[in-house]
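Structure first, then comments.
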Amino acid sequence: MEFDTNVPIYFQVIQEIKKEIINGSRKLGDKLPSSRELAVLYKINPNTANRIYREMELSGLCFTKRGLGTYITEDETMLKQIRVELADKLMDDFVQGMRLLGLSREEIMKDLEKKL
Amino acid sequence: MLECKDATKKYMGKVAVDRMNLTVEKGRIYALLGPNGSGKTTLMKMVAGLVKPTEGVVTYNKIPIGIESKRKVAYMSTEPFYYNYMNIADVGKYYADFFEDFSTEKYAQLIERMNLRTQDKVKSLSSGMAAKLKIAATLSRKAELILLDEPLNGIDIIAREQIITTIVESANDENALVVSSHLVDELEKIIDYAVFMKEGNLVMQGDAEEMRAERGMSIVELYKRIYA
């Protein structure tokens, strides 16, 4: 995966995992790779990989089964929450980009309508 | 585990490393950054026990660098260090004779993973293959402190990825890696800690994630800021 150097790496990997949950390549309740495997998979620092699971656990995205490993949450409301969050971010980027181009609200709406 | 206190190295009156203070702790990956001639190699050689500090001290687990530390520190130099008549399998045997912490099994694994062939002669290797061989030999030691001097220099992008992966896999809670490079972007995402050197001096050091957060720029950008 390509990283944006201006955003913390742990954050980018979490976003990536969220996308994988939304597109179904990772399913609710699935076992996640160990943090060592995660480090190798994304070619990131092993301590960053630990942090990724810590942060994900804090936000309820995953949980640890003692001695077994880390699993994606089984809570389905989480799916909705992630989708809203990711969509919101895309919308923000989109609106900001269009505003930078100097387009008005009406023009943006018209363009959007055409694309849909 | 490692401590440099005012470590200084002068060559014929020219200062290669000037009063360097640095602490290396286990469980971390360090990047030693700076352009050519900034003193990275000299510093590594002092830690490896190949050159003696002119002033100051370098200690490993509180004991000055010497026979004891050499058993626990693996150093990969930029210079090739194999005899031309050797093939890749011979390099493994040579290492096994030299270092008691060398794992023949791990070496075989790494050689295979790096797409090298045991029967190939060392002198017939391309520069990329030779670089991978050096990495494989060095990382097959179960050393506590691993010093890699410019492991990515002059290597194509595929080999670089293999080397980066191998470095990440070799890191654990019980060892520390110090990787020198002027190819900062390759190291950005695998390091815990960055040390910037310039003309023999330490210009900045710190936790990579903290530096990124505090300054709002990546280690790559910081590098450009410091050396441009």
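Here is the naming used below: chain letters follow the sequence lines, and residue numbers restart at 1 for every chain.
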In terms of heavy-atom contacts, does [atom1] of [X] have more than 12 from other residues, nucleotides or ligands at under 6.0 Å?
{"X": "A:Glu85", "atom1": "CD", "value": "yes"}
{"X": "A:Phe11", "atom1": "CZ", "value": "no"}
{"X": "B:Glu112", "atom1": "CD", "value": "no"}
{"X": "A:Leu101", "atom1": "CG", "value": "yes"}
{"X": "A:Lys110", "atom1": "NZ", "value": "no"}
{"X": "B:Glu105", "atom1": "CD", "value": "no"}
{"X": "B:Lys5", "atom1": "NZ", "value": "no"}
{"X": "B:Lys142", "atom1": "NZ", "value": "no"}

Residue part contacting chain A, namely of [X], when any heavy atom lies under 4.5 Å:
{"X": "B:Ile164", "value": "side chain"}
{"X": "B:Asn172", "value": "both"}
{"X": "B:Glu209", "value": "side chain"}

Closest approach of B:Ile29 and A:Pro46, non-hydrogen atoms and distance? CD1-CD, 3.8 Å
How long is the span from the [atom1] atom in [X] to the [atom2] atom in [Y], to the nearest 0.5 Å?
{"X": "A:Lys43", "Y": "B:Gln162", "atom1": "NZ", "atom2": "CD", "value": "9.0 Å"}
{"X": "A:Ile44", "Y": "B:Lys189", "atom1": "CD1", "atom2": "NZ", "value": "8.5 Å"}
{"X": "A:Glu37", "Y": "B:Glu169", "atom1": "CD", "atom2": "CD", "value": "10.0 Å"}

In terms of heavy-atom pairs under 4.5 Å, which option from B:Ile219, B:Asp173, B:Thr165, B:Thr166 contacts chain A the most? B:Thr165
Heavy-atom pair count under 4.5 Å with chain A, highest-scoring of B:Glu221, B:Met217, B:Glu161: B:Glu161
Please check if the side chain of B:Asp192 supplies one atom and the backbone of A:Asn45 the other of a donor-acceptor pair under 3.5 Å.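 Judged by distance alone, no pair lies under 3.5 Å.
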Taking B:Arg212 for the side chain and A:Pro8 for the main chain, is one N or O donor matched with an acceptor at less than 3.5 Å?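 Side chain of B:Arg212 to backbone of A:Pro8: no pair is present.
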Per-residue contact mode, A:Tyr42 against chain B (heavy atom under 4.5 angstrom):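 Backbone only.
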